[in-house]
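Note sheet for the following structure.
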Amino acid sequence: MTQLQNPSAEAASDLKTDVTEPLTPGGLICPASDIFDEAQTRAALDAALKSVPDAKSARKATVDILKDTQLRGRDALAAAFRADPFAAYPLTHSYTYLTDGLVRSALYVANDHLHPLPNPTESERLALVAVGGYGRGEMAPFSDVDLLFLTPYKITPWAESVIETMLYILWDLKLKVGHASRTVKDCLRLGREDYTIRTALLEQRFIAGHAPLAAELDTRLWKDLFAGTEREFVEAKLQERSERLRRHGGQRYLVEPNVKEGKGGLRDLQSLFWIAKYTRHVKTVAA
């Protein structure tokens with residue numbers, strides 16, 4: 001049965017989730033607190049959820065608070081970018097910072113308020129991981145939010161409830177969410193079969209939840225999937241590029257070029273980064 005109250009102090013210590021700051025090597029375009037104040041947002045959520053009668057009302061209250069927070073953050077980013085229109089790289093990381101705050105808040109409400117577990121078993125662990133461009137930390141105002149819900153074993157009813165509640169909150173915020181629920185073994189198996197999935201996993205980044213599970217995924221990816229397959233990955237990316245360019249004109253000089261998928265566009269630059277990361281373990285474009 002859905003619970004709306006906070007768990008006891010003893011239970012809360014078991015449920016406390018590990019979190020990480022978003023990947024922001026280029027820095028933020030304005031003060032972090034202007035974009036998303038996590039402590040203030042959680043205090044507002046705690047206060048609002050004390051008096052709600054049911055789960056539906058709790059979700060609505062959560063969305064109302066996060067919508068206001070999202071709007072303030074977007075306004076702060078827009079003003080900062082107007083003042084410094086060449087700060088595109090910090091802006092993309094700032095949108096990631098805002099998105100991380102919204103996503104973590106949704107998980108906090110789903111996990112700590114609506115579906116708390118006083119004594120979680122080993123199978124009732126959940127790590128929230130960003131993948132793809134979101135994992136890389138480069139987001140435009142309306143970029144997709146690609147999430148991986150990582151579980152140690154087959155998904156449990158508790159994890160299903162947390163994920164469902166969280167997704168409804170994010171959808172109500174009008175975020176374009178792409179999501180998958182997998183175990184570490186699932187990730188390795190699917191990564192071997194599909195280079196698109198492998199590339200997305202290359203950019204995985206832990207956001208919140210059970211940190212050891214996310215760390216296990218990172219270790220297993222580099223040890224059991226990426227290691228020794230550098231040549232085949234490079235060949236796959238170059239073949240993928242050739243096919244992509246055929247679909248988009250195959251040359252740089254077009255009257256209406258596709259700046260993302262066309263020759264010399266953003267996807268080419270990303271492919272170079274993926275190859276460098278896969279073969280040389282670089283963390284950013286600069287290093």
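Only a predicted model underlies this, so the values are computations on that prediction, with no experimental measurement involved. Each residue takes its place number in the sequence, starting with 1.
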Seminar exercise, completed: Separation between CZ (Arg59) and CD1 (Ile169), nearest 0.5 Å, reads 7.5 Å
For this session: Check whether any side-chain heavy atom of Thr279 lies under 4.5 Å from a side-chain heavy atom of Val234, and answer yes or no.
Result: yes
Exercise. What's the shortest heavy-atom distance between Tyr134 and Val103, and which atoms?
Worked result: OH-CG2, 3.8 Å
Exercise. Going by atom types only, do Thr199 and Tyr278 share a side-chain donor-acceptor pair under 3.5 Å?
Worked result: no
Exercise. Quick check: does any side chain N or O of Glu216 sit under 3.5 Å from a backbone N or O of Ala214, one acting as donor and the other as acceptor?
Worked result: no
Exercise. Does Gln70 reach the side chain of Lys174, with side-chain heavy atoms less than 4.5 Å apart?
Worked result: no
Exercise. Is Arg42 salt-bridged to Asp46, going by a charged N under 4.0 Å from an acidic O?
Worked result: no
Seminar exercise, completed: What one should report as the nearest heavy-atom pair of Arg136 and His93 is O-CE1, 4.2 Å
For this session: With the side chain counted from C-beta on, respond yes when Lys154 and Thr183 share a heavy-atom pair under 4.5 Å apart, and no when they do not.
Result: no
Exercise. Linking I/L/V/M/F/W/Y whenever any side-chain heavy atoms sit under 4.5 Å apart, do Tyr195 and Leu245 land together?
Worked result: no
Problem set entry | Neighbour count above 12 (heavy atom, 6.0 Å) for Lys60 NZ | no
Exercise. Checking side-chain contact (heavy atoms from CB on, under 4.5 Å) for the pair Leu147/Leu170: CA distance, chi angles, key distance, verdict?
Worked result: CA-CA 11 Å; Leu147 297 173; Leu170 297 178; 3.9 Å; yes
Exercise. Do Leu173 and Lys67 pass the side-chain contact (heavy atoms from CB on, under 4.5 Å) test, and can you show the C-alpha distance, the side-chain angles, and the key distance before you say yes or no?
Worked result: CA-CA 6 Å; Leu173 291 172; Lys67 273 186 177 178; 3.5 Å; yes
Exercise. Does a salt bridge link Arg241 with Asp268, judged by any charged N lying under 4.0 Å from a carboxylate O?
Worked result: yes
Exercise. Considering residues, nucleotides and ligands other than Tyr168, do more than 12 of their heavy atoms fall under 6.0 Å from its OH?
Worked result: no
Exercise. Is it true that the side chains of Thr229 and Glu232 contain a donor and an acceptor less than 3.5 Å apart?
Worked result: no
For this session: For residues Phe81 and Ser94, determine if any side-chain heavy atom of one lies less than 4.5 Å from a side-chain heavy atom of the other.
Result: no
For this session: Would you name the heavy atoms of Ala159 and Thr151 that are closest together and state the gap between them?
Result: CB-CG2, 4.4 Å
Problem set entry | Non-hydrogen side-chain atoms of Leu148 and Leu201 separated by less than 4.5 Å | yes
For this session: Taking all non-hydrogen atoms of both residues into account, name the closest pair between Leu77 and Cys30 and its distance.
Result: CD2-SG, 4.1 Å
For this session: Would you check, one step at a time, whether the test side-chain contact (heavy atoms from CB on, under 4.5 Å) holds for Val145 with Leu102?
Result: CA-CA 11 Å; Val145 181; Leu102 297 171; over 6 Å; no
Problem set entry | Check: Val259 and Leu266 side chains under 4.5 Å, non-hydrogen atoms | no
Seminar exercise, completed: Rounding to 0.5 Å, atoms CZ (Arg72) and OG1 (Thr41) come to a distance of 7.0 Å
For this session: May I ask you to establish whether Arg74 and Phe142 are in a cation-pi arrangement, using a distance under 6.0 Å from NZ or CZ to the six-membered ring centre and at most 45° from the ring axis?
Result: yes
Exercise. Is there a side-chain contact (heavy atoms from CB on, under 4.5 Å) between Leu71 and Asp75 once you walk through the steps?
Worked result: CA-CA 6 Å; Leu71 181 60; Asp75 286 346; 3.9 Å; yes
Exercise. Can we say Arg205 and Asp100 salt-bridge, meaning some charged N sits less than 4.0 Å from an Asp/Glu carboxylate O?
Worked result: yes
Exercise. Taking C-beta and beyond as the side chain, do Leu221 and Leu188 meet within less than 4.5 Å on heavy atoms?
Worked result: yes
Problem set entry | Expected output: side-chain Asp144 to main-chain Asp146 donor-acceptor under 3.5 Å | no
Exercise. What closest approach, in Å, do Leu98 and Gly73 show between heavy atoms, and which atom pair accounts for it?
Worked result: CD2-C, 4.2 Å
Exercise. Any side-chain heavy atom of Leu45 sitting closer than 4.5 Å to one from Val109?
Worked result: yes
Problem set entry | Ser181 side, atom OG; Ile155 side, atom CD1 - distance, nearest 0.5 Å | 4.5 Å
Exercise. Side chain of Lys237, backbone of Trp274: donor and acceptor closer than 3.5 Å?
Worked result: no
Problem set entry | Ring geometry between His179 and Phe149 (parallel below 30°, tilted from 30 to 60°, perpendicular above 60°) | perpendicular
Exercise. Do Phe226 and Val282 sit in the same hydrophobic cluster, where Ile, Leu, Val, Met, Phe, Trp and Tyr count as joined when their side-chain heavy atoms come under 4.5 Å apart?
Worked result: yes
Exercise. Do you reckon Leu269 sits in the same ILVMFWY cluster as Leu238, going by side-chain contacts under 4.5 Å, direct or chained?
Worked result: no
For this session: Report yes or no: do Ile65 and Trp171 belong to one cluster of Ile/Leu/Val/Met/Phe/Trp/Tyr joined by side chain heavy-atom distances under 4.5 Å?
Result: yes
For this session: Could you tell me the separation between the OH atom of Tyr97 and the CD1 atom of Ile29, rounded to the nearest 0.5 Å?
Result: 15.0 Å
Problem set entry | Lys/Arg-Asp/Glu bridge criterion (N-O < 4.0 Å) met for Asp186, Arg189 | yes
Exercise. Any Lys/Arg nitrogen of Glu243 or Arg247 sitting under 4.0 Å from an Asp/Glu carboxylate oxygen of the other?
Worked result: no
Seminar exercise, completed: The reported gap from NZ in Lys277 to NZ in Lys283 (rounded to nearest 0.5 angstrom) is 6.5 Å
Seminar exercise, completed: Rounded to the nearest 0.5 Å, the CG atom of Asp172 sits from the CG atom of Leu66 at a distance of 10.5 Å
Seminar exercise, completed: Correct closest heavy-atom pair for Met166 and Ala106 would be CG-CB, 3.7 Å
Exercise. If you group Ile, Leu, Val, Met, Phe, Trp and Tyr by side-chain heavy-atom gaps below 4.5 Å, do Trp222 and Val184 land in one group?
Worked result: yes
